[in-house]
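We name chains A, B, ... by the order of the sequence lines, and we start the count at 1 in each one.
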Amino acid sequence: MVDDAAPGSTTNDSYCDATITHSPTTAPFVVSPLPKRGWGDEEHHDVVADTGDLSSVPSEVMESLKIEDETTLEEPIDSNITAVTTGDTPYSSASTFEDLNLSKELLKGLYVEMRFHKPSKIQAISLPMILTPPYKHLIAQAHNGSGKTTCFVLGMLSRVDVNLKAPQAFCICPTRELAMQNIEVLKKMGKYTGITSECAVPADSANYMPVSKRPPTTAQVVIGTPGTIKKWMSGRKLGVSCVKILVFDEADHMLGEDGFQDYSLRIMRDIERSSSHFQVLLFSATFDENVKNFVSRVVKDYNQLFVKKEELSLESVKQFKLICPNEQTKIRVIKDRIFELADKLGQTIIFVGTRKSAGVLHKALVDLGYDVTTIKGAMTNDIRDKIIKEFKDGLTKVLISTDLLARGFDQQQVNLVINYDLPLKHDPSSQAMKYRSSSSSEPNFEVYLHRIGRAGRFGRKGAVFNLLCGDQEIKRMDKIQKHFGSEVIEVRDTDEDIEAALKSAGLI
DNA sequence: AAAAAAC
């Protein structure tokens, strides 16, 4: 399974190029080629210039792994993942799931329950790294909707010893909704394995139980949010001595200064104290330089997979901008252009910047007689669950959301994302923002990318409309375009323009 | 109040 061609000259400290490619390559650390008939075999992609110690690799074409019944997916997007490994363990790319030495129960889950046929690109590269001793840490970046969840869920399931009735795999997620979504995937994929799991998130009213009354967790996999996991751990209801794999989903946010850094570090240290050796997996579509530098200090000796930011915007999701003279116009655009076409479209998520504007927009649309639901943090867990369920069941077509759903939310019917407000960077240095308002804020590139990634899951068609009001928003949009080098097409507020845009995005 | 989690 491993490639013996790796040269012995490789020292532990040197970065080696783990090239996963369809074409013959002379990289020292070649992982075996993907199958001959992968997408993009016809084209030859240029080798990208080296950047520092990261050797670049020839482009490969990402595969859409998830093929549902009769659905045919369009040509998948190009992806260019750079793999960097340390040490002398050679890794073979997995062209089939059989290559991974998975249990037959797990394979059955992949094929029968998940209906997967073969690994996507990120899975082909990352799974051998996750599953091969000495189980090195991994920092993995991959496009939105490319199958990251499968990577770490499969990693957790295959590393758990089903005969050991104790928690062995943890996954920490930034929101309750994401944790619940991930555990659903785990349950489905692991259906035949007998592996037990539990979701550690704040309970809804029906399931509330004070920590002190809770029996110690025996589930082998625990997926949850940082606060609840920590709470269970400090209440001695969640043992960590058998933990051998710790996953951070949306890892840049979980370890970012602006995110859950403190929680994540404390959880990691607690596990470190009683579990001698465990593997840390960090997955996200985005890792800005700050976070990258930070994680390289906390996690030692790791393998890594990265994508250049210019290649992160999904080509299957077309981006548009619409300049609105005032805020009222934004609401009218949504009313006239979106709801009037809603029957022809799939589902839509409208992102707003604050809880308050979520409420304002919700009220405005409901007052106009439109059927819309809203999700935000300031809601009871019961209501949040209900709103999500209705949306996932397709009962509601348009959902207003704060950045609560910006990351990870996977609903394949969503093909339209509306940025009612552009996401902004929070600048803690300027406390006296009151008078300056937020007009000087920079756009938050990472959140922008995560938001638009809610459309175009697994290579499906999608569109994003950015509603811009005023010079500041126009300027921010320009910065976003520059940052990703992506094209954002301006459309006017006319039936013809909007329809042409949706048509060119393949939505109608 | 930026949002999120959750103290």
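Contact check, A:K231 against B:dC7: a side-chain N or O comes under 4.0 Å of OP1 or OP2. Using a 4.0 Å cut-off, no side-chain N or O of A:T354 falls inside it from OP1 or OP2 of B:dA1. Between A:T228 and the phosphate of B:dA6, there is a side-chain N or O to OP1/OP2 separation shorter than 4.0 Å. For B:dA4, the OP1/OP2 oxygens have no side-chain nitrogen or oxygen of A:R407 closer than 4.0 Å. Side-chain N/O atoms of A:T402 include none lying less than 4.0 angstrom from OP1 or OP2 on B:dA2.
Look at CZ on A:F260: it is 13 Å from C1' on B:dA2, rounded to the nearest Å. Separating the CG atom of A:N444 from the P atom of B:dA2 is a distance of 14 Å, rounded to the nearest angstrom. With rounding to whole Å, A:E250 atom CD is found 15 Å from B:dA4 atom P. As rounded to whole Å, 12 Å separates atom P of B:dA5 from atom CE of A:M379. Atom NE2 of A:H253 is separated from atom C1' of B:dA2 by 11 Å (rounded to the nearest Å). Look at CG on A:N381: it is 12 Å from C1' on B:dA4, rounded to the nearest Å. Here the P atom of nucleotide B:dA6 and the CG atom of A:D204 are 13 Å apart, to the nearest Å. A:L424 has its CG atom 15 Å from the P atom of B:dA4, to the nearest Å.
In the set B:dA5, B:dA2, B:dA4, B:dA5 carries the atom at the smallest distance from any side-chain atom of A:R176.
A:K356 comes within 4.0 angstrom of no nucleic acid atom, judged by non-hydrogen atoms across all strands. Contact annotation for A:R384: backbone-only contact, meaning every heavy-atom pair under 4.0 Å involves sugar-phosphate atoms and none involves a base. Using a 4.0 Å heavy-atom cutoff across all strands shown, A:D258 reaches at least one base atom of the nucleic acid.
Both the sub-6.0 Å distance and the 45° axial angle are satisfied by A:K330 relative to the ring of A:Y420. Relative to the six-membered ring of A:F458, A:R460 misses at least one condition, a distance below 6.0 Å or an angle of at most 45° to the axis. A cation-pi contact links A:K292 to A:F306, judged by a cut-off of 6.0 Å to the six-membered ring centre and 45° from its axis.
No salt bridge links A:E184 with A:K188; every basic N to acidic carboxylate O contact stays at or beyond 4.0 Å. Under 4.0 Å is where a charged nitrogen must lie from a carboxylate oxygen, and between A:K475 and A:D478 no such pair does.
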